[in-house]
Protein chains: 4
Amino acid sequence: MAGSVNKVILVGNLGKDPESRSFANGGKVVSFSVATSEGWKDKNTGERKDKTEWHNVSIFSDGLARVAEQYLKKGSKVYLEGQLETRKWQDKDGNDRYSTDVVLRNFNSSMVLLDGREGGGGGGGGGGYERTNRDDAPRGNYQNRGAATGGRPPAFDADLDDDVPF
Amino acid sequence: MAGSVNKVILVGNLGKDPESRSFANGGKVVSFSVATSEGWKDKNTGERKDKTEWHNVSIFSDGLARVAEQYLKKGSKVYLEGQLETRKWQDKDGNDRYSTDVVLRNFNSSMVLLDGREGGGGGGGGGGYERTNRDDAPRGNYQNRGAATGGRPPAFDADLDDDVPF
Amino acid sequence: MAGSVNKVILVGNLGKDPESRSFANGGKVVSFSVATSEGWKDKNTGERKDKTEWHNVSIFSDGLARVAEQYLKKGSKVYLEGQLETRKWQDKDGNDRYSTDVVLRNFNSSMVLLDGREGGGGGGGGGGYERTNRDDAPRGNYQNRGAATGGRPPAFDADLDDDVPF
Amino acid sequence: MAGSVNKVILVGNLGKDPESRSFANGGKVVSFSVATSEGWKDKNTGERKDKTEWHNVSIFSDGLARVAEQYLKKGSKVYLEGQLETRKWQDKDGNDRYSTDVVLRNFNSSMVLLDGREGGGGGGGGGGYERTNRDDAPRGNYQNRGAATGGRPPAFDADLDDDVPF
DNA sequence: TTTT
DNA sequence: TTTT
């Protein structure tokens, strides 16, 4: 279908160290689980509740896979951008089964490590991160040259409109 | 876990009309499947391939549920913003089974109809759309008043930097 | 225009402490700048480059404003979800000027603090975070009990939990 | 700054046909304005209001630029994913001025045409769309064959498909 | 299985 | 099961 979008954005923590599997053709997949959680107040009882969601993440991009192996471990906090993919498989009884993963491939996927330097723990240098294809990204210099001085935008004006909070 | 994000963004088409289920307590869920698809060229053979992904969508927000019932039908193209939720259940043999849905709840979910007026087909008025909580959104008038005239930003300057496409 | 989306997602660090301005009608805006940065390799010279982008953030949601005042400060790392808004104003010479902000309003905006406990530094308690309207978000218990019928997941069960729409 | 995200997602309509500018070094930029709009009810007066936001979009990716030139025109509805970039420049009086654009570069940018066939109007073929780097995206065949062992999904199978990394 |  |  021309004209579709399939995007997942997660910020969460790894439940375990990543696992890597290599394939005969030289490729690899790195996979791990990421927890996200949300809290809310029961609107009837006022009781505080929360619920944790676990996401299966699979990385097929070589670059991102390397970063994941090197920098991610149990407890790491990470920003992930990938897509939803549901695999169909058969269990031992021959029944159709489905498993849904958040998949990072070469295109339009990113991973950003969110652990502080100290949070990173182990030996490595701090803050590893990568974005696919970063290396060939042509970039512009948006900073024009010339004379200087001049106005900053005025602060929000409180008295112009009645239906706004200011 | 304080500090997590669980977000899914889809643009795709409904495979069938939405189905509604009401509950004893007055609530309701509207559910349907959405197809997204992507094409690519096999890097070895050059052959064109494509793959369609089906997403189970469940709407628990009353406002969005109403809009879905009224405006969405088989074939509709829609933008959806929700979150991933995986339900655990047991099959007839007592085995754990999992099903992952894209869920729209009251918070931080949106739905935007993308069918053209004519694409809408059926009886209803065209272009319904809704965003949760729209009604109480305080808005500012960002348009300040005063004198006029003056410069627009210059076009991108082609000669400033060598590693850019301009 | 029915049918549009205007969404910005940032993960970055505050350049300074947030500033608050209150308004006659009781509302307030909290504003600050957030830096994002990216690095790349010049495709011609192989030289490493990087560029920092500064974003003006303005929070009009009372709940998020309170959290920002309480937990964010210079250097804080934060996830932000808001929308683009461009204000037009006139400078001292009466020329039209434009300023573009990332704005968080009541709807479809979020803020998630990404500082580790230690990264939080100063006096405050750790990890405050908030998502608009969290308090009244009806939630479902996706964990069904007992046996089910078939190869497909059971429908949402209406009677398991009192605070949910099913 | 290792560890940042700068992402804009828009769904809106072009206000005019795209404009292209070529550069001495062979590159090009395609630019146009996109309108998004939202409506809300004034919480005090109950009056319906709406506000249109205009976004300056600049495409530096060759592939996406070609698609924009070929398929986008005044009125086209489009999904865009890019990043915020603010240029600084000087006006005729030498004052610093800033202009913020939604920029699509090679990495992590997408564009999806959302016009129906009929909505497309003019002469062109229907529904062109593109995603950067699509051509070299290795893809897996998630459809496993034959029986599996247990209650868990089988691991990715390395030998099913020749063009995939597993 | 994570995190607060 | 949709769409191109």
Side-chain angles (χ1 to χ4, degrees), chain A residues 1-6 10-19 31-39 48-57 72-80 86 114-116 119 121, chain B residues 1-6 10-19 31-39 48-57 72-80 86 88 114-116 119 121, chain C residues 71 112-120 124-131 152, chain D residues 67 71 112-120 124-131 152:
Chain A
M1 175 193 322
S4 63
V5 173
N6 173 1
L10 300 177
V11 174
N13 297 278
L14 275 72
K16 292 185 182 169
D17 289 349
E19 291 179 8
S31 53
F32 49 87
S33 289
V34 167
T36 59
S37 173
E38 54 174 341
R48 292 192 164 280
K49 303 196 168 181
D50 67 88
K51 178 159 178 292
T52 295
E53 202 67 39
W54 286 98
H55 309 272
N56 303 317
V57 177
L72 296 183
K73 59 176 188 299
K74 179 176 175 174
S76 297
K77 173 158 285 187
V78 69
Y79 170 96
L80 295 166
T86 297
L114 298 172
D115 290 312
Chain B
M1 172 196 320
S4 61
V5 173
N6 174 1
L10 300 178
V11 173
N13 297 278
L14 275 72
K16 291 186 184 169
D17 289 349
E19 291 179 8
S31 53
F32 49 87
S33 290
V34 167
T36 59
S37 173
E38 53 175 342
R48 293 193 164 280
K49 302 196 170 184
D50 68 88
K51 179 159 177 294
T52 294
E53 202 66 40
W54 286 97
H55 310 272
N56 303 317
V57 177
L72 296 183
K73 60 177 187 299
K74 178 176 176 175
S76 296
K77 173 158 286 185
V78 68
Y79 170 96
L80 296 166
T86 297
K88 186 186 184 183
L114 298 173
D115 289 312
Chain C
Y71 293 106
V112 176
L113 307 191
L114 298 173
D115 289 312
R117 330 98 216 113
E118 56 284 353
Y129 100 117
E130 199 233 30
R131 300 194 133 194
R152 310 260 51 203
Chain D
V67 175
Y71 294 105
V112 176
L113 307 192
L114 298 173
D115 289 312
R117 329 101 217 114
E118 56 284 353
Y129 99 117
E130 200 234 30
R131 301 193 130 193
R152 310 259 50 203

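Since the structure is predicted, the reported quantities are computational estimates derived from the model, not experimental observations. Letters go in sequence order (proteins before strands), and every chain restarts at 1. Just the heavy atoms: all of them, side chains too, but no hydrogens, waters or symmetry mates, feed the values below.
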- Select base, sugar-phosphate, or nothing to describe what B:Lys16 touches, counting heavy atoms under 4.0 Å on all strands.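 Base contact.
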Counting side-chain heavy atoms from C-beta on, which of [options] comes nearest to [X]?
{"X": "B:Ser33", "options": "F:dT2, F:dT1, E:dT2", "result": "F:dT1"}
{"X": "B:Ala35", "options": "F:dT2, E:dT2, E:dT1", "result": "F:dT2"}
{"X": "B:Trp54", "options": "E:dT1, F:dT2, E:dT2", "result": "F:dT2"}

Report the distance from atom [atom1] of [X] to atom [atom2] of [N], rounded to the nearest whole Å.
{"X": "A:Leu114", "N": "E:dT2", "atom1": "CG", "atom2": "P", "value": "19 Å"}
{"X": "A:Asn6", "N": "F:dT2", "atom1": "CG", "atom2": "P", "value": "19 Å"}
{"X": "B:Tyr79", "N": "F:dT3", "atom1": "OH", "atom2": "C1'", "value": "20 Å"}
{"X": "B:His55", "N": "F:dT2", "atom1": "NE2", "atom2": "C1'", "value": "11 Å"}
{"X": "B:Leu10", "N": "F:dT1", "atom1": "CG", "atom2": "P", "value": "20 Å"}
{"X": "A:Lys77", "N": "E:dT2", "atom1": "NZ", "atom2": "P", "value": "14 Å"}
{"X": "A:Asp17", "N": "E:dT3", "atom1": "CG", "atom2": "P", "value": "11 Å"}
{"X": "B:Glu38", "N": "F:dT3", "atom1": "CD", "atom2": "P", "value": "19 Å"}

- Query: Per the atom types in the model, does the base of F:dT3 pair as donor or acceptor with the side chain of A:Ser4 at under 3.5 Å?
  - Reply: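 By the distance-only test, no, there is no pair.
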- Does the E:dT2 base have a donor-acceptor partner in the side chain of A:Ser76 within less than 3.5 Å?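 Per atom types, no contact qualifies.
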- Task: Could you tell me the separation between the CG atom of B:Asp17 and the CZ atom of B:Phe32, rounded to the nearest 0.5 Å?
- Result: 11.0 Å
- Is B:Ser4 reaching over with its side chain to a backbone N or O of A:Ser37, donor-acceptor style, under 3.5 angstrom?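 Yes, because the side chain of B:Ser4 sits within donor-acceptor range (under 3.5 Å) of the backbone of A:Ser37.
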- Message: Under 3.5 Å, is there a donor on one side chain and an acceptor on the other for B:Thr36 and B:His55?
- Response: yes
- Message: The criterion is side chain to side chain contact (heavy atoms under 4.5 Å, CB included); which residues satisfy it with A:Ser76, sequence neighbours excluded?
- Response: A:Leu14, A:Leu72, A:Lys73, A:Asp115
